[in-house]
There are 2 protein chains.
Amino acid sequence: METVDLLKKYNISSTFARRQIIRQAASFGQRHFSAEDILKKMRKKKSRVSRASTFRALNLFCQKGILEAIDLGKGFNLYELTDNSGHHDHLYCLGCGKILEFEDKTIEDLQVEVCRRKNFKAFKHTLRILGLCIKCKKDQLKV
Amino acid sequence: METVDLLKKYNISSTFARRQIIRQAASFGQRHFSAEDILKKMRKKKSRVSRASTFRALNLFCQKGILEAIDLGKGFNLYELTDNSGHHDHLYCLGCGKILEFEDKTIEDLQVEVCRRKNFKAFKHTLRILGLCIKCKKDQLKV
DNA sequence: GTTTTTGCAAACCATTTGCAGTTAG
DNA sequence: CTAACTGCAAATGGTTTGCAAAAAC
């Protein structure tokens, strides 16, 4: 599928700016990208779209479900295409910035379990799981 | 223990600003608080400490281990005392803002497991687990 | 032709920083 | 006394917004 068709698919009116942005977003494949990454790529290609429009488009795409925003606590958002990747979570190295993606039912089950324990009506809420940093100990893992 | 003694315990020189801030921080007990919360409380008590010094102190306290910073993706940090609470993770409702704390070995094990699967040398890194939002389905949990 | 969308520049907001004056030890 | 700390005001950096001009349908 042409990247541009994603706009139609998600019921977003096709404008020059949005076409450039979705194309660049798609060029990252499964990798994460920031608004700045998109802007940089567009500058190179001389397909000029303003910073404001870029943010507006990224927000719109998230809201419509083309993209998913990821907050790694870096002070700015990352995005990824939701389209071709199933639901997954992330492990992020605070040291070197490497991101590991994984999907594991355990996490979702855990959310349900925690809610049950706390007598919390989870189905009323959109929960986000937030882990504090955990330094893996040497003896836990020898790769 | 007097809250002020925490400074001595953590090897932090005792200044007026830091005494006010650690006292207010402690007044939140197990609850999370923001820099703004601390500033608000100090304004009320007329124990005036500047915004800059408040941030400087909060950073120092995190670094020294009195506090732990939590990023709920709200655009500003929350903090909590590390002192009296063991390690735990958080579930955060994007809708109503409610925060559930929990500790579960599963998450830590999961990190190790994911690293193993990905052939990633985890012990070299400080990993942070990041969950995307998951909307709990009604049929998963009936409280 | 009317509604949407865009670019620009200014605004925002949490946090950080430079610097000169003040405090701690 | 000297090093560490503080307040102020300005800077930072990612993101948002008001508005007039331009594009979409």
Side-chain angles (χ1 to χ4, degrees), chain A residues 4-8 10-25 32-43 45-64 66-80 97, chain B residues 4-25 32-43 45-64 66-80 94 97:
Chain A
V4 172
D5 296 335
L6 275 173
L7 298 178
K8 206 173 292 171
Y10 282 86
N11 233 316
I12 297 169
S13 76
S14 171
T15 67
F16 176 77
R18 290 172 184 170
R19 283 191 297 273
Q20 304 313 309
I21 291 162
I22 194 63
R23 179 185 301 158
Q24 296 307 333
H32 308 95
F33 55 87
S34 63
E36 198 53 46
D37 291 333
I38 295 285
L39 281 161
K40 218 175 291 171
K41 282 214 170 197
M42 288 194 300
R43 252 177 261 127
K45 297 249 194 269
K46 282 159 189 171
S47 44
R48 178 184 283 275
V49 173
S50 74
R51 182 171 297 272
S53 297
T54 302
F55 278 103
R56 278 189 278 231
L58 291 173
N59 284 341
L60 180 67
F61 294 170
C62 285
Q63 183 186 308
K64 294 284 189 173
I66 300 191
L67 297 181
E68 198 142 6
I70 307 161
D71 180 357
L72 295 187
K74 290 181 161 207
F76 55 89
N77 278 349
L78 292 183
Y79 303 88
E80 67 180 7
Chain B
V4 173
D5 296 334
L6 275 175
L7 298 178
K8 205 174 293 171
K9 179 179 166 192
Y10 282 85
N11 234 315
I12 297 168
S13 78
S14 170
T15 67
F16 177 77
R18 290 172 184 171
R19 283 192 296 273
Q20 304 313 309
I21 290 162
I22 194 62
R23 180 187 299 159
Q24 296 307 333
H32 308 95
F33 55 88
S34 64
E36 198 54 47
D37 291 333
I38 295 284
L39 281 162
K40 218 176 291 171
K41 282 215 170 195
M42 290 193 298
R43 252 178 259 126
K45 297 252 195 267
K46 282 157 189 176
S47 43
R48 178 183 284 275
V49 172
S50 74
R51 182 170 297 271
S53 297
T54 303
F55 277 103
R56 277 190 278 233
L58 291 173
N59 283 341
L60 181 66
F61 294 171
C62 285
Q63 184 187 308
K64 294 283 190 173
I66 300 189
L67 298 180
E68 199 143 6
I70 307 160
D71 181 356
L72 295 187
K74 289 181 159 202
F76 54 89
N77 277 348
L78 292 183
Y79 303 88
E80 68 182 6
L94 296 178

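Each chain gets a letter, A, B and so on, in the order its sequence line appears, and its residues count up from 1.
Residues A:F61 and A:I21 are in side-chain contact: their nearest non-hydrogen atoms beyond the backbone lie under 4.5 Å apart.
To the nearest angstrom, P of C:dT4 lies 14 Å from CG of A:N11. Computed from coordinates, the B:K8 NZ to C:dG25 C1' distance equals 13 Å when rounded to whole Å. B:I12 has its CD1 atom 16 Å from the P atom of C:dA24, to the nearest Å. Separating the NZ atom of B:K74 from the P atom of C:dC13 is a distance of 16 Å, rounded to the nearest angstrom. The CD-C1' distance, from B:Q63 to C:dT16, rounds to 14 Å in whole Å. One atom, CD of A:Q20, and another, P of C:dT5, lie 17 Å apart when rounded to the nearest Å. For the pair B:L39 CG and C:dT16 C1', the interatomic distance rounds to 14 Å; values are reported in whole Å. The CG atom of A:L58 sits 14 Å away from the P atom of D:dG14 (whole-angstrom rounding).
At a threshold of 4.0 angstrom between heavy atoms, the contacts of B:A17 are confined to the sugar-phosphate backbone, with no base atom among them. Using a 4.0 Å heavy-atom cutoff across all strands shown, A:R51 reaches at least one base atom of the nucleic acid. Heavy atoms of B:F55 sit under 4.0 angstrom from at least one base atom. Here A:R18 lies in heavy-atom contact (under 4.0 Å) with sugar-phosphate atoms only.
Side-chain proximity of B:A35 to D:dC25, D:dG7, C:dT15: nearest is C:dT15. In the set C:dT5, D:dG18, C:dG18, C:dG18 carries the atom at the smallest distance from any side-chain atom of B:R56. In the set D:dA24, D:dG18, C:dA14, D:dA24 carries the atom at the smallest distance from any side-chain atom of A:R19. For B:F76, the side-chain atoms get nearest to C:dT15 when compared with the rest of D:dT6, C:dT15, C:dT5.
A:R18 contributes a side-chain N or O that, together with a main-chain N or O of A:S13, makes up a donor-acceptor pair within less than 3.5 Å.
Along DNA chain C, the nucleotide closest to B:E36 and the one closest to B:S14 are compared, and the more 5′ of them pairs with B:E36. For the pair B:F16 and B:N59, both in contact range of DNA chain C, the more 5′-proximal nearest nucleotide belongs to B:N59.
Dashed line: the shortest gap from a side-chain N or O of A:S34 to OP1 or OP2 of D:dG14 is not under 4.0 Å. At least one side-chain nitrogen or oxygen of A:T15 sits closer than 4.0 Å to the OP1 or OP2 atom of C:dT6. The phosphate of D:dG7 has OP1 or OP2 within less than 4.0 Å of a side-chain N or O from B:S53.
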- Message: The test is side chain to side chain contact (heavy atoms under 4.5 Å, CB included); show your working for B:L67 and B:F33 and say whether it passes.
- Response: CA-CA 11 Å; B:L67 298 180; B:F33 55 88; 4.0 Å; yes

- Item | Worked verdict on B:M42 versus B:I38 for side chain to side chain contact (heavy atoms under 4.5 Å, CB included) | CA-CA 6 Å; B:M42 290 193 298; B:I38 295 284; 3.8 Å; yes

- Using the side chain to side chain contact (heavy atoms under 4.5 Å, CB included) rule, take B:I66 and B:I12 through it: C-alpha gap first, then chi angles, then the decisive distance, then the call. CA-CA 10 Å; B:I66 300 189; B:I12 297 168; 3.8 Å; yes

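For the atom pair CD of B:Q20 and NZ of B:K41, the computed distance is 13.0 Å after rounding to the nearest 0.5 Å.
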